[in-house]
Amino acid sequence: MKALAAFDIIKGPCIVEDTSLCFNAIGGLPGPYVKWFLKATGPLGLYCMLKGFEDKTAMAVCTVAYVNEHGEVNIFSGETDGTIVEPTAVETFGWDSCFKPNGYEITYAEMPKEEKNLISHRMKAMYKLKEFIDHNVII
Ligand SMILES: O=c1nc[nH]c2c1ncn2[C@H]1C[C@H](O)[C@@H](COP(=O)(O)OP(=O)(O)OP(=O)(O)O)O1
């Protein structure tokens, strides 16, 4: 939908991106609706949503769509597993302050940007997109 809407406006090749944050305890919600949950409650509200659940695990998912000049869509997705924690004092972007990726003792918000960019859901999706463009798109 978003990809084709962008193609309608651009009328040429384009890339769109969408991010979800899926809580395993509640069947993957808020998922793609996280933008609206975050707006309503902030990272603290996201953390509090899981207070009644033992399972605090979550998956950050980035979906990138590449639309070629004919309007054909290719979709790439990157996932990073982690845990929802009480937001850290450092607030950087979105829900970064309450998402602690697996294998780290700090949240996305506490990492230098360069470090987040090495392990993030977005980097994984973008890497797949890069591989696709390198092999399939003549520039
Ligand atoms: O790495 C991230 N670390 C923390 N938070 C993040 C990240 N990436 C996106 N976010 C936030 C922004 C938005 O509140 C929500 C969904 O993102 P996303 O669907 O891409 O939002 P958006 O501003 O592009 O809006 P729209 O889909 O209506 O174009 O998660």
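Atoms within a ligand are numbered from 1 in the order they appear, just like the ligands themselves.
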Legend entry - Backbone N/O of Glu79 and side chain of Lys124: donor-acceptor pair under 3.5 Å: yes
Legend entry - Test of proximity, Tyr108 against ligand 1: N or O pairs below 3.5 Å: no
Legend entry - Nearest candidate to atom 23 (O) of ligand 1, where distance is taken over non-hydrogen atoms, out of Lys2, Lys35, Glu17: Lys35
Legend entry - Within-shell test, Lys39 vs ligand 1, heavy atom, strictly < 4.0 Å: no
Legend entry - Protein contact to atom 8 (N) of ligand 1 [nearest heavy atom, distance to 0.1 Å]: Arg122 NH2, 2.6 Å
Legend entry - Over 12 foreign heavy atoms within 6.0 Å of NZ, Lys2: yes
Inset, instruction - Would you check if the side chain of Lys35 reaches a backbone N or O of Pro32 as a donor-acceptor pair within less than 3.5 Å? - result: no
Legend entry - Closest protein heavy atom (residue, atom, distance) for atom 19 (O) of ligand 1: Asp18 OD1, 3.0 Å
Legend entry - Enumerated ligand 1 atoms positioned under 4.0 Å from heavy atoms of Leu38: 14 (O)
Inset, instruction - With heavy atoms only and a cut-off of under 4.0 Å, state how Phe99 meets ligand 1: side chain, backbone, both or neither. - result: neither
Inset, instruction - Count the heavy atoms belonging to other residues, nucleotides or ligands that lie under 6.0 Å from CZ of Phe132, then report whether that count exceeds 12. - result: yes
Legend entry - Taking atom 7 (C) of ligand 1 as the reference point, the nearest protein heavy atom with its distance: Phe93 CE2, 3.2 Å
Legend entry - Close-contact set for ligand 1 against His121 heavy atoms, below 4.0 Å: 1 (O), 2 (C)
Inset, instruction - Kindly say whether Pro101 contributes a backbone atom to a donor-acceptor pair with the side chain of Thr80 at under 3.5 angstrom? - result: no
Inset, instruction - Could you tell me whether a side-chain N or O of Lys128 sits under 3.5 Å from a main-chain N or O of Gly78, the two making a donor and an acceptor? - result: no
Legend entry - Taking atom 3 (N) of ligand 1 as the reference point, the nearest protein heavy atom with its distance: Asp96 OD1, 2.6 Å
Inset, instruction - Please report which non-hydrogen protein atom sits nearest to atom 18 (P) of ligand 1, along with the residue it belongs to and the distance in Å to one decimal place. - result: Thr19 N, 3.7 Å
Inset, instruction - Can you figure out which of Trp95, Trp36, Phe37, Tyr33 has its heavy atom closest to atom 10 (N) of ligand 1? - result: Trp95
Inset, instruction - Determine yes or no for a side-chain-to-main-chain donor-acceptor pair under 3.5 angstrom, with Lys116 supplying the side chain and Ser120 the backbone. - result: no
Legend entry - Distance from atom 1 (O) of ligand 1 to nearest protein heavy atom, with residue and atom: Lys116 NZ, 2.8 Å
Inset, instruction - Examine distances only and state if a side-chain atom of Ser97 and a backbone atom of Glu91 form a donor-acceptor pair shorter than 3.5 Å. - result: no
Inset, instruction - May I ask you to test the Val85-Lys56 pair for a side-chain heavy-atom distance under 4.5 Å? - result: no
